[in-house]
Amino acid sequence: MKPSRHVVKHPKPKNPVESLANTRHEFGEHGGVNMSIEASTTFTAMHPDILADMFHGDRGPDQGGCYLYGRHFNPTVYNLSRQLAALEGTESAYCTASGMAAIAGTLLQLCDAGDHIVSANTIYGGTYALLHDFLPAKAGITATLVDINDIEGVEAAITPRTRVLYAESIANPTLRVADIPALADIAHRHGLKLVIDNTFSPLILSPKQLGADIVVHSMTKFIGGASDHIAGAICADKDFILQLMDLHTGALMLLGPTMDPQVAFNLNLRIAHLPLRMAEHGRRALLFAERLRDLGLVVSYPGLPEHPDHEMMRELYCSDYGFGGILTLDMGCEELANQLMDMLQNDYRFGYMAVSLGYFDTLMSCSGSTTSSEMTEEDKAAAHISPGLVRMSIGFTGSTEQRWRQLCSALERLGVMKAGARPGPKDRRRRVS
Ligand SMILES: *Cc1c(COP(=O)(O)O)cnc(C)c1O
C-alpha cells in the first residue's frame with residue numbers, strides 16, 4: 001500500500017459540537033423539553049392557495065412553515081435533519097429510511113442514464129453492489145472502482161460523462177482514510193460532485209469542511225448507537241435537498257424511502273451524547289490497537305503511527321474524538337478468525353458476532369465472508385480484504401481492562417499470543433524500566 005499524497009491545503013476543521021449546540025431546540029407542544037412527534041401523514045392548509053403554492057414549490061417547510069404530505073417533508077424528520085446539517089456543517093439535510101436509501105437517492109439524483117461515477121473500490125458491500133450491479137443494469141449508470149488513495153489513478157478514471165466522485169471517509173473494512181481535500185480538488189476541477197459516506201467517522205471527520213459537496217450517513221451505526229433503527233441522512237445544500245423532494249423528479253419524493261417520524265424522534269435523543277460515545281469508542285479502540293500491535297499481531301487502526309494514512313488523518317480530523325471505533329485484526333485465515341470470534345462471544349463475553357457497527361457493545365465480523373461478500377474475489381484482493389480479517393467495532397460497556405483480559409484469553413488459547421505476554425498498563429511500565 002503506497003502512502004497517499006496529501007497536497008491540498010485546507011483550514012483545520014472546526015469541532016461540530018458548537019454548531020450542534022446552537023441548532024434551534026424545538027420544544028414539545030406543551031412545553032416539553034423534547035420536541036413532539038408529528039405523526040400525521042397529511043397537513044391542513046388554512047387557505048386553498050397554500051396547497052397550490054406547495055405543489056408549485058413556492059411554499060414549504062422553510063417558506064412559511066408549510067407541510068404537504070408525509071412522504072414530502074415531515075416536521076419531526078426535518079428537525080432531526082437540521083441537527084444532521086449542523087453536525088456536518090451543510091446548509092441543509094434530510095433523513096431517509098436507511099443509509100442505502102441516502103446513497104442510492106443521492107446518486108440517482110446526480111446521475112442520468114449514460115452518466116458515470118468514479119468510486120473508491122473499498123466501500124460498504126451494499127454500495128459496491130449498487131454501483132457494480134444495480135445501477136448499470138437498472139439505470140444505465142456505470143461506475144469505475146479505483147484505489148481512492150492513488151490520486152493520479154482517480155483523476156485518470158474520469159470520463160466526459162463522469163458526474164460523481166464517491167468515497168467513504170474511512171473505508172470499510174480496510175480503514176484507509178480518504179484524502180478529502182485532494183479529492184475535492186480533483187472533483188471541482190472536472191465539474192463533479194464529491195460525495196462522501198461519513199458513516200464511520202461522525203464528528204471525527206467533517207467532509208464538507210474539507211471540501212466535499214454532499215455527505216451521506218448510515219445513521220444505523222454510530223449515530224443511532226443502539227442497533228435498533230435503520231436510518232440514513234443526506235447532508236447537502238438547500239437546493240439539492242429541494243431537488244430530492246421535487247414532485248416530478250425527486251429521488252426521495254418518488255422512490256419514497258421515508259423516515260418514520262417516531263424513528264426521527266428516537267434518533268434525535270441520541271445526538272446529544274454522540275460526542276461522548278465517539279470519544280469513548282475511539283479511546284478504547286486506540287488502546288486495544290496499540291496493545292495488539294505490541295503483541296506483534298496484524299492490526300490496522302488509523303490511530304496507529306504504522307497506519308499508512310495516520311499522518312494525513314492527524315491533519316484532517318477533529319482530535320477531540322480520536323480515530324474512530326473500528327479496528328481490524330488479520331488472523332491469517334478464515335478458520336482462525338471464526339475460532340477467535342466464537343470464543344470471544346461464547347466463552348469470554350467480549351462481544352457479539354454480528355455485522356454492523358457503532359453499537360454500545362463490541363461487534364465482530366469476518367469482512368470477506370460477510371459484509372464485503374458482494375465483492376468479486378479479484379476486487380476483494382485489490383482492496384486488501386484478506387479472508388482472515390476480523391472487523392471489530394469496539395464498544396464501551398464493561399471496564400476497559402476487563403475487556404482486554406477477555407480478548408487476551410481468547411488470543412492465548414488460540415496460540416497466537418504467548419501466555420503471560422499480555423501487555424497491560426503494568427507490563428508496559430515493567431518493560432520500560
Ligand atoms: C451500513 C452502512 C451503509 C448502509 O446503511 P444502512 O443503514 O444499512 O442502509 C452504508 N455505508 C456504510 C459505510 C455502512 O457501514
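Position 1 is the first residue of the sequence, and the numbers go up from there. Numbering of ligands and ligand atoms starts at 1, following listing order.
Listed by chain and residue number, E26 satisfy the salt bridge (Lys or Arg N to Asp or Glu O under 4.0 Å) test with R24 (two or more places apart in sequence, or in another chain).
Here the CG atom belonging to L87 is positioned 5.5 Å from the CG atom belonging to L20, to the nearest 0.5 angstrom. Distance CG/L340 to CE/M331: 4.5 Å, rounded to 0.5 Å.
Of all the atoms in ligand 1, the ones that sit under 4.0 Å from a non-hydrogen atom of G99 are 5 (O), 6 (P), 7 (O), 9 (O). Within the listing of ligand 1, atoms 7 (O), 9 (O) sit less than 4.0 angstrom from a heavy atom of S98. Of all atoms in ligand 1, listed by their number and element, those nearer than 4.0 Å to a heavy atom of I103 are 10 (C). Counting the atoms of ligand 1 from 1 in the order shown, those under 4.0 Å from a heavy atom of T220 are 6 (P), 7 (O). Those atoms of ligand 1 with a heavy atom of A231 less than 4.0 angstrom away are 7 (O). Residue F200 has at least one heavy-atom neighbour below 4.0 Å for each of these atoms of ligand 1: 13 (C), 15 (O).
Only the side chain of D197 comes within 4.0 Å of ligand 1, judged by heavy-atom distances. Counting heavy atoms closer than 4.0 Å to ligand 1, residue M219 contributes nothing at all. Counting heavy atoms closer than 4.0 Å to ligand 1, residue S356 contributes nothing at all.
Donor-acceptor pairing under 3.5 Å is lacking for the side chains of T162 and H190. With no hydrogens or angles considered, no side-chain donor-acceptor pair links R277 and Y321 at under 3.5 Å. Using modelled atom types and a 3.5 Å distance limit, the side chains of D260 and H229 yield no donor-acceptor pair.
No more than 12 heavy atoms of other residues, nucleotides or ligands shown are found within 6.0 angstrom of NZ on K193.
Y124 CE2, 3.4 Å is the protein heavy atom nearest to atom 4 (C) of ligand 1. For atom 5 (O) of ligand 1, the nearest non-hydrogen atom of the protein is S218 OG, 3.0 Å.
Remark: R82 qualifies as a cation-pi partner of Y78 under the 6.0 Å distance and 45° angle criteria applied to the six-membered ring.
By the 3.5 Å distance cut-off applied to N or O atoms, E168 is not counted among the residues near ligand 1. Of the polar atoms of K221, at least one N or O is found under 3.5 Å from an N or O of ligand 1, judged by distance alone. Where the criterion is an N or O separation shorter than 3.5 Å, residue side chain and backbone included, M100 meets it with respect to ligand 1.
For V216, the closest heavy-atom approach to ligand 1 does not fall below 4.0 Å.
Using a 4.0 Å cut-off between charged nitrogen and carboxylate oxygen, E401 and R291 count as a salt-bridge pair.
The shortest distance between side-chain heavy atoms of P261 and E38 does not fall below 4.5 Å.
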